[in-house]
Student: 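Supplied in structure tokens, the structure appears directly below.
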Amino acid sequence: MSTTYALAKEQFAALGLDTEAAIDRLLALPISIHCWQGDDVAGFEQGGGSLSGGIAATGNHPGKARTPAELMADLDQVLALAPGKHKLNLHAIYAVTDEPVPRDRLAPEHFAPWVDYARARGLGLDVNPTLFSHPLAADGMTLSHPDGAVRRFWIDHCKAMRRVGRHFAQELGQVCVNNIWIPDGLKDTPADRLGPRARLKDALDEILADPADPALLIDTVESKVFGIGLESYTVGSHEFYLSYAAKTGCVCLLDNGHYHPTETVSDKIPSLLLFADRLALHLTRGVRWDSDHVVTWNDELLEIAKEVVRCGALDRVLLSLDYFDASINRIAAWVIGLRNVRKALLAALLLPHPQLRALQDRRDFTRLLALQEEYKLLPVGAVWDELCARAGVPVGTDWIGQAEAYEAAILPKRNPAGN
Ligand code: RNT
Ligand code: ZN
């Protein structure tokens, strides 16, 4: 145990906080790593499709992963540099197939290398149907499309991916989160807002008709405010999915890039937890829009972490990352966000919430603000370093050199243009 940690431990103990318990709790908490940071959401269909659906990865840093083997090798680097328990979050377009397989016919065997990869590393797998980057999604509508044949294809795809998700859980002995996000929307003012939403509701009813065994599969639905080229109307809005989840029992997934810029996910967390057993989060960082920048240690990340901890909901909130920055080393992008999420949760665990809550209830707002500000400089960093040391990952800034060495040794052998 380092001297700095021993001193920090004492300082937190004086506030009634147990740093040992916080470290143990956090090392056991699963955070789902999004596979799509490694290749700018390209996937492996016919050599990797071009991203559509109103989302965009910008930047052309060299060395992105082009094959399953490259993506797996990059993920191994990430796992070596970020402490704690992880899951891996796969999109359907990351299926590994010799011949092209239509998405509505994807099956567990098309993901066998990922199951092997996860099993060898003790990871759970999460899953997402991919309702974008496809000719049948090119006009911006999928499950809400007016053409029944298009809806049928996407309904069958979503059903297929639920079967894949169940298989993941059975193989790996860990529950699989299946998240449905669709890009559906319109560029300009709609003539009919109800019709597409009614079609989406019917499609979801059919996809989810076969009830999930909650030990195997948790179905989540992710809303959005707008997409690029789909600015005026989003079929799967927050109200739509909030109501749908309340009525049917599937789980709301909140992506903190998917709200109006002054609206915060942190404020929504307690309200949802009062009415639902579970809640899922995509952690990202929007800069001016849903730009999916790397998650940084900012006020909203800390507020989200504090809400989850204060609600006593670390085991009810399903945490995953969701961003895709192609302008910097992609492994570093993954690691920076992952480390920040766990660091923010540690900072949240190391606050004397009962004391602060009592001040609010006593309406002593002066002392509350004074303490909230002073506590921002508590020695969380010393506890974080100890956590990393115990997890066997680099402490402090040491991981950066390792990521750079990997970049220098491996990435130049890939296409230097980043494609
Ligand atoms: C898009 C959603 C969605 C995607 C991933 C790739 O705005 O956030 O979660 O980012 O499914
Ligand atoms: Zn998301």
Side-chain angles (χ1 to χ4, degrees), residues 31-45 48-58 64-65 71 87-95 103 125-134 137 140-143 154 157-158 161 164-165 176-185 218-231 233-238 240-241 251-261 265 268 279-295 300-301 304 317-326 330 333-334 337 341:
I31 296 177
S32 195
I33 306 174
H34 57 317
C35 77
W36 51 92
Q37 164 57 44
D39 72 340
D40 315 338
V41 211
F44 304 130
E45 272 181 343
S50 73
L51 185 57
S52 77
I55 54 179
T58 57
K64 83 175 178 187
L71 190 59
K87 294 178 88 186
L88 178 60
N89 201 0
L90 294 177
H91 246 283
I93 50 174
Y94 292 82
R103 290 189 201 172
L125 286 176
D126 293 326
V127 86
N128 304 255
T130 310
L131 296 103
F132 52 84
S133 305
H134 189 280
M141 285 209 170
T142 61
L143 292 177
W154 291 116
H157 172 53
C158 290
M161 293 313 291
V164 170
C176 175
V177 178
N178 167 53
N179 179 50
I180 300 178
W181 171 73
I182 62 168
D184 298 31
I218 299 174
D219 294 292
T220 65
V221 284
E222 179 182 7
S223 67
K224 188 157 188 176
V225 136
F226 79 95
I228 303 168
L230 306 164
E231 291 88 355
Y233 169 65
T234 300
V235 183
S237 61
H238 181 59
F240 176 92
Y241 284 123
V251 175
C252 270
L253 185 146
L254 310 183
D255 177 315
N256 64 306
H258 290 190
Y259 296 87
H260 293 285
V265 160
K268 299 176 192 303
L279 172 65
L281 299 179
H282 270 183
L283 296 166
T284 185
R285 178 167 54 109
V287 176
R288 302 195 184 278
W289 66 287
D290 179 26
S291 55
D292 287 296
H293 280 61
V294 177
V295 170
E300 176 57 359
L301 178 69
I304 288 172
V317 177
L318 307 159
L319 296 164
S320 47
L321 302 180
D322 179 18
Y323 51 80
F324 19 99
D325 190 334
R330 291 170 184 80
W334 255 318
V341 170

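For ligands, and for the atoms within them, numbers begin at 1 and follow the listed sequence.
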Student: If I take atom CD1 from residue Ile180 and atom CD from residue Glu222, how far apart are they, to the nearest 0.5 angstrom?
Tutor: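 Reported value, rounded in 0.5 Å steps: 11.0 Å.
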Student: Assess, by modelled atom type and distance only, whether the side chains of Asn89 and Asn128 contain a donor and an acceptor separated by less than 3.5 Å.
Tutor: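 Checked: Asn89/Asn128 side chains pair up, N/O donor to acceptor below 3.5 Å.
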Student: Measure the distances from the heavy atoms of His91 to every atom of ligand 1 and state whether one is below 4.0 angstrom.
Tutor: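 Yes.
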Student: With respect to the Zn ion (ligand 2), what is the nearest N, O or S atom of His282?
Tutor: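 For His282, the N, O or S atom at the smallest distance from the Zn ion (ligand 2) is ND1.
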Student: Would the distance check show the side chain of Thr234 and the main-chain N or O of Val225 forming a donor-acceptor pair, the cut-off being under 3.5 Å?
Tutor: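 Confirmed, Thr234 side chain pairs with Val225 backbone.
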Student: Which residue and atom name correspond to the protein heavy atom nearest atom 9 (O) of ligand 1, and how close is it?
Tutor: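 Here the closest protein heavy atom is Glu222 OE1, 2.7 Å.
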Student: What N/O/S atom of Glu222 gets nearest to the Zn ion (ligand 2)?
Tutor: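 Distance check against the Zn ion (ligand 2) picks out OE2 in Glu222.
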Student: Of all the atoms in ligand 1, which lie at a distance below 4.0 Å from a heavy atom belonging to Asp255?
Tutor: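 Reading through ligand 1 atom by atom, the close ones are 8 (O).
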Student: For atom 10 (O) of ligand 1, what's the nearest protein heavy-atom neighbour? Residue, atom name and distance, please.
Tutor: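 The closest heavy atom on the protein side is Asp322 OD2, 2.8 Å.
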Student: Checking Trp181 side chain against Leu131 main chain: does a donor-acceptor pair fall under 3.5 Å?
Tutor: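 A pair under 3.5 Å: no.
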Student: With atoms numbered from 1 as shown, which atoms in ligand 1 lie under 4.0 angstrom from a non-hydrogen atom of His282?
Tutor: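 Those qualifying, in numeric order: 9 (O).
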Student: Is there a donor-acceptor pair under 3.5 Å between the side chain of Ser133 and the backbone N or O of Ser52?
Tutor: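 Judged by distance alone, yes, a pair lies under 3.5 Å.
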Student: For a distance under 2.8 Å, tell me if His258 has an N/O/S atom near the Zn ion (ligand 2).
Tutor: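 Not a single backbone or side-chain N, O or S atom of His258 is under 2.8 Å from the Zn ion (ligand 2).
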Student: Taking the inter-plane angle between the rings of Phe226 and Trp289 on a 0 to 90° scale, is it parallel (under 30°), tilted (30 to 60°) or perpendicular (over 60°)?
Tutor: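 If you compare the ring of Phe226 with that of Trp289, the planes turn out tilted.
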Student: When you compare the side chains of Ser291 and His293, does any donor N or O come within less than 3.5 Å of an acceptor on the partner?
Tutor: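 Yes, a side-chain donor-acceptor pair sits under 3.5 Å.
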Student: I'd like the atom name of the N/O/S atom in Asp322 lying closest to the Zn ion (ligand 2).
Tutor: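 In Asp322, the N, O or S atom with the shortest distance to the Zn ion (ligand 2) is OD2.
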Student: Can you find a non-hydrogen atom of Phe324 under 4.0 Å from ligand 1?
Tutor: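 Contact present.
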Student: Restricting to N/O/S, name the atom of Asp255 that gets closest to the Zn ion (ligand 2).
Tutor: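 The Asp255 atom nearest to the Zn ion (ligand 2), restricting to N, O or S, is OD2.
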Student: Once you round to the nearest 0.5 Å, how far does CH2 of Trp36 lie from CG of Leu321?
Tutor: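 With rounding to 0.5 Å, CH2 (Trp36) is 9.0 Å from CG (Leu321).
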Student: Applying side chain to side chain contact (heavy atoms under 4.5 Å, CB included) between Lys224 and each of Asp255, Val235, Asp290, Ile182, report the one that passes.
Tutor: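 Result: among Asp255, Val235, Asp290, Ile182, Asp290 is the only option passing the side chain to side chain contact (heavy atoms under 4.5 Å, CB included) with Lys224.
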Student: Only heavy atoms of His258, strictly under 4.0 Å: list the atoms of ligand 1 that pass.
Tutor: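 Checking each atom against His258, I get 1 (C), 2 (C), 7 (O), 8 (O).
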Student: Number the atoms of ligand 1 from 1 as they appear, then name those within less than 4.0 Å of a heavy atom of Ile55, with their elements.
Tutor: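 Within the 4.0 Å cut-off of Ile55, ligand 1 contributes 1 (C), 7 (O).
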Student: Under 3.5 Å, is there a donor-acceptor pair between the Asp322 and Thr284 side chains?
Tutor: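 No donor-acceptor contact under 3.5 Å links the two side chains.
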Student: Just jot down the ligand 1 atoms closer than 4.0 angstrom to any heavy atom of Asp290, in number order.
Tutor: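 Checking each atom against Asp290, I get 7 (O).
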Student: Among all protein heavy atoms, pick the one closest to atom 7 (O) of ligand 1 and tell me residue, atom and distance.
Tutor: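 Protein heavy atom at minimum distance: Lys224 NZ, 2.7 Å.
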